[in-house]
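One structure is given here, and the rest of the page talks about it.
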2 protein chains.
Amino acid sequence: MPTSSAHFRRLCTERGIAVTHQRQVLYETMREMKGHPSPEEVHERMRTTIPSVSLATVYKNIHLFVASGVFRQMSVHHGTLRVEMNREEHHHMVCSICRSITDVEASEIDVRLPENRLPGGFRVERCSVDIIGVCAACQAAGKNTMPAQTTVTELRPSH
Amino acid sequence: MPTSSAHFRRLCTERGIAVTHQRQVLYETMREMKGHPSPEEVHERMRTTIPSVSLATVYKNIHLFVASGVFRQMSVHHGTLRVEMNREEHHHMVCSICRSITDVEASEIDVRLPENRLPGGFRVERCSVDIIGVCAACQAAGKNTMPAQTTVTELRPSH
DNA sequence: CTGATTGCAAACGGTTTGCAGGCTT
DNA sequence: AAGCCTGCAAACCGTTTGCAATCAG
């Protein structure tokens with residue numbers, strides 16, 4: 001009797017999508033990966049199990065998983081396809097130098113939205129906080145990385 | 001005596017960058033535009049003033065402006081190059097259907113970070129909140145746009 | 001006059017698409 | 001058996017780069 005296989009099979013039938021070997025391996029590969037792996041990284045990892053799998057299939061199925069609610073896409077306006085592997089509510093620390101993203105537990109940050117009175121009848125689904133700054137590694141690596149962006153003194157034209 | 005021209009000239013000399021016609025027009029075009037225009041859109045608009053300007057120049061100079069602190073790039077982990085035209089502190093409402101982004105005054109939202117105790121010695125510069133949901137237009141337009149993403153009932157596999 | 005800046009066109013990286021063959025139901 | 005799914009290769013889109021001609025300091 002399959003264990004995780006059974007779980008995945010149920011996941012698919014609930015959503016009316018076919019159970020294929022690639023999908024199952026993709027699903028399990030992604031669940032094993034921490035952080036916010038790129039499709040490329042997921043693909044690379046999947047190849048250890050199915051060497052012949054194509055990147056196109058990875059893309060198609062990540063989209064399928066996101067569309068059917070198996071995974072959640074991170075920051076909707078993000079340009080590249082990244083998926084949340086962390087199922088807990090959380091926010092992000094984003095390093096402005098190396099762009100690495102680290103999760104922060106939702107409980108660490110206190111956000112209060114105005115009582116459903118956002119402008120323009122916007123219906124709120126959720127809310128995600130990006131803490132922008134410099135990660136420890138980049139601080140240690142010294143100042144010479146991307147100097148202009150970070151050493152600017154006058155952020156606003158004085159006009 | 002030039003008015004905004006003088007202002008721009010000063011902006012450049014302060015930062016040690018050359019004053020060119022393209023840069024001046026780019027700067028003014030961007031300041032006139034609301035929201036978070038794409039380089040493509042900025043380019044299109046610039047052409048009404050300098051029809052021969054190239055998209056490459058637009059890219060190069062948006063980067064230059066961001067690097068020298070004239071403008072601020074929005075959400076660092078954003079994939080595509082977008083710049084903040086709004087100089088006030090603010091956050092964003094992002095429509096998960098049409099991906100439109102609307103600004104919300106910072107004062108409307110109350111965010112509290114833990115007292116400089118973020119994990120891993122991260123140095124905080126600023127913090128930006130994305131309120132994710134559905135804009136009024138998309139609500140009015142009805143449910144049939146991108147059905148799967150929004151009508152999903154079971155967000156987490158039940159296991 | 002010298003080096004920075006521009007416009008062009010080609011390269012690039014990530015993502016999407018069309019299609020023929022194979023697999024799931 | 002019917003249709004969805006896969007892998008491949010080509011197309012695509014936004015962005016970057018190399019280069020020769022031009023411009024700012």
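Everything quoted here is computed from the prediction, not taken from an experiment. To find a chain, count down the sequence lines: A is the first, B the second, and so on, and within it residues start at 1.
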Between D/dG7 and A/T57, is there an OP1 or OP2 to side-chain N/O distance shorter than 4.0 Å? yes
All ring pair (Phe, Tyr, Trp, His ring centres under 6.0 Å) counterparts of A/H90, not counting sequence neighbours: A/H92
Residues at least two apart in sequence or cross-chain that pass salt bridge (charged side-chain N to carboxylate O under 4.0 Å, His left out) with A/R112, listed by chain then number, are A/D110
For B/H43, report the nucleic acid contact type (base, sugar-phosphate, nothing); a contact means any heavy atom under 4.0 Å. nothing
By nearest-heavy-atom nucleotide on DNA chain D, the more 5' of B/H63 and A/G16 is A/G16
All side-chain contact (heavy atoms from CB on, under 4.5 Å) counterparts of A/A106, not counting sequence neighbours: A/E89, A/H91
Just the rounded figure in Å: distance from C1' of C/dG14 to NE2 of A/H36. 19 Å
Rounded to whole Å, the CD-C1' distance (A/E44 to C/dG14) equals 15 Å
State which residues pass salt bridge (charged side-chain N to carboxylate O under 4.0 Å, His left out) with B/R23; sequence neighbours excluded, sorted by chain then number. none
Nearest whole angstrom, please: distance from the P of D/dT6 to the CD1 of A/I62. 13 Å
A/E40 CD to C/dT16 P, straight-line distance once rounded to whole Å: 13 Å
note: B/Q24, atom CD; D/dC23, atom P; distance rounded to Å ~ 17 Å
Nucleotide by nucleotide, nucleotides 19-25 of chain C touches protein heavy atoms under 4.0 Å in the pattern (B base, S sugar-phosphate only, - none) -----SS
Side-chain donor-acceptor pair present, A/H36, A/D103, cut-off under 3.5 Å: yes
side-chain hydrogen bond (donor to acceptor under 3.5 Å, both in side chains) filter on B/S52, not counting sequence neighbours, yields none
By the 4.0 Å heavy-atom rule, please label B/S52 as base, sugar-phosphate, or nothing. sugar-phosphate
Please state whether the phosphate of D/dG7, meaning OP1 or OP2, lies under 4.0 angstrom from any side-chain nitrogen or oxygen of A/Q22. yes
Is the shortest side-chain N/O distance from B/R23 to OP1 or OP2 of C/dT6 below 4.0 Å? yes
Rounded distance in Å - CG (A/L26) to P (D/dC5): 14 Å
What's the CG-C1' distance between A/L55 and C/dT16, to the nearest Å? 11 Å
Cationic N near anionic O, under 4.0 Å, B/E14 to B/R10: yes
Measure from CZ on A/R82 to C1' on C/dG13 and round the result to the nearest Å. 13 Å
